[in-house]
Amino acid sequence: MREIKFKAKTIGNEWVFGNVSHLKKDFSTARKGHYISNSAGAPFAFMVRPETICQFTGLQDKNGVEIYEGDKVKVINKPYNVKNSVVVWGKKSNGWSLKCEVIKENSYDPEIKYYGLESGKSLEVIGSIHTTPRTT
């Protein structure tokens with residue numbers, strides 16, 4: 001069974017990893033927000049930007065780096081020219097997928113394709129949609 005954990009950016013723009021708690025208020029103020037704590041019984045939590053919360057897929061890339069939702073990855077051993085690959089939750093497949101721009105031979109226009117994400121061994125994490133600009 002995979003570990004359920006998340007990463008997100010704090011208000012100060014730093015990545016934090018741990019468990020998500022949607023709390024009604026901070027421990028010292030009445031501010032509402034989304035929080036991540038490093039462990040279940042932690043006496044504190046980091047306030048994070050909700051749009052940056054990414055769930056762990058349970059997979060690691062070829063270098064042992066954990067793969068999270070929203071990670072940009074380089075696809076190794078690809079049949080076509082694959083660009084801008086991002087880890088997403090596949091609504092149709094009901095599982096983790098890779099959303100890719102695929103440029104086939106004798107074509108100039110990229111086609112958006114979704115591939116099931118069963119292993120990270122043919123992937124290398126190169127960034128995140130929240131930190132890395134789009135590549136061409």
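Side-chain atoms are counted along with the backbone in the values below, which use heavy atoms only and exclude waters and symmetry mates. Note that the structure is predicted; figures quoted are calculated from it, not measured.
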Undergrad: Is there a side-chain contact between K74 and L123 in this structure, where contact means two heavy atoms from C-beta onward sitting under 4.5 Å apart?
TA: no

Undergrad: Side chain to side chain donor-acceptor pair (under 3.5 Å) with K9: which residues, sequence neighbours excluded?
TA: N13

Undergrad: Tell me, which pairs form a salt bridge (charged side-chain N to carboxylate O under 4.0 Å, His left out) where one or both residues lie in residues 89-99, sequence neighbours left out?
TA: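 Residue pairs passing salt bridge (charged side-chain N to carboxylate O under 4.0 Å, His left out), neighbours aside: none found.
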
Undergrad: Of all heavy-atom pairs between I76 and E124, which one has the smallest distance, and what is that distance?
TA: CD1-OE1, 4.5 Å

Undergrad: Identify the heavy atoms of W15 and S128 that sit nearest to each other, and give their distance.
TA: CZ2-OG, 3.8 Å

Undergrad: Would you please test V82 and E101 for side-chain contact (heavy atoms from CB on, under 4.5 Å) and show each step?
TA: CA-CA 6 Å; V82 178; E101 289 182 8; over 6 Å; no

Undergrad: Can you confirm whether D71 sits close enough to H130 that some side-chain heavy atom of one is under 4.5 Å from a side-chain heavy atom of the other?
TA: no

Undergrad: Can you pull the salt bridge (charged side-chain N to carboxylate O under 4.0 Å, His left out) pairs that have at least one residue in residues 45-58, sequence neighbours excluded?
TA: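 Output for this query lists R49-E51.
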
Undergrad: Please enumerate all residues that pass side-chain contact (heavy atoms from CB on, under 4.5 Å) together with V65, with sequence neighbours excluded.
TA: D61, N63, V125

Undergrad: Check whether any side-chain heavy atom of V73 lies under 4.5 Å from a side-chain heavy atom of L98, and answer yes or no.
TA: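 Of all side-chain heavy-atom pairs linking L98 with V73, at least one is under 4.5 Å.
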
Undergrad: Is there side-chain contact between L117 and V87, with heavy atoms separated by less than 4.5 Å?
TA: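 Sidechains of V87 and L117: in contact.
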
Undergrad: Drop me the distance from I11's CD1 to M47's CE, to the nearest 0.5 angstrom.
TA: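 Rounded to the nearest 0.5 Å, the CD1-CE separation comes to 5.5 Å.
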
Undergrad: Return the SG to CG distance between C100 and N84, rounded to the nearest 0.5 Å.
TA: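 CG of N84 is found 9.0 Å from SG of C100.
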
Undergrad: Taking side chain to side chain donor-acceptor pair (under 3.5 Å) as the test, write out the residues that go with E14, two or more places apart.
TA: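 E14 satisfies side chain to side chain donor-acceptor pair (under 3.5 Å) with no other residue.
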
Undergrad: Would you say Q55 and E69 make side-chain contact, with heavy atoms under 4.5 Å?
TA: yes

Undergrad: Does K5 qualify as a cation-pi partner of F56, given the criterion of NZ or CZ under 6.0 Å from the six-membered ring centre and within 45 degrees of its axis?
TA: yes

Undergrad: Identify the heavy atoms of V75 and S85 that sit nearest to each other, and give their distance.
TA: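 Taking every non-hydrogen atom into account, CG2-OG, 3.5 Å.
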
Undergrad: Where do Y68 and F6 come nearest, in terms of heavy atoms and distance?
TA: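 Smallest interatomic distance, heavy atoms only, reads CE2-C, 3.8 Å.
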
Undergrad: Show the nearest heavy-atom pair for residues S97 and G90, with the distance to one decimal.
TA: OG-CA, 3.7 Å

Undergrad: Run the side-chain contact (heavy atoms from CB on, under 4.5 Å) test against K113 and tell me which residues pass, sequence neighbours left out.
TA: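 Partners of K113 by the side-chain contact (heavy atoms from CB on, under 4.5 Å) criterion, ordered by chain and then number, come out as V102, K104, E111, Y115.
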
Undergrad: Hey, does the side chain of T57 reach the backbone of I67 with a donor-acceptor pair shorter than 3.5 angstrom?
TA: yes

Undergrad: Taking the side chain as every heavy atom from C-beta outward, state whether V88 and W96 have any atom pair closer than 4.5 Å.
TA: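 Contact flag for V88/W96 side chains = no.
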
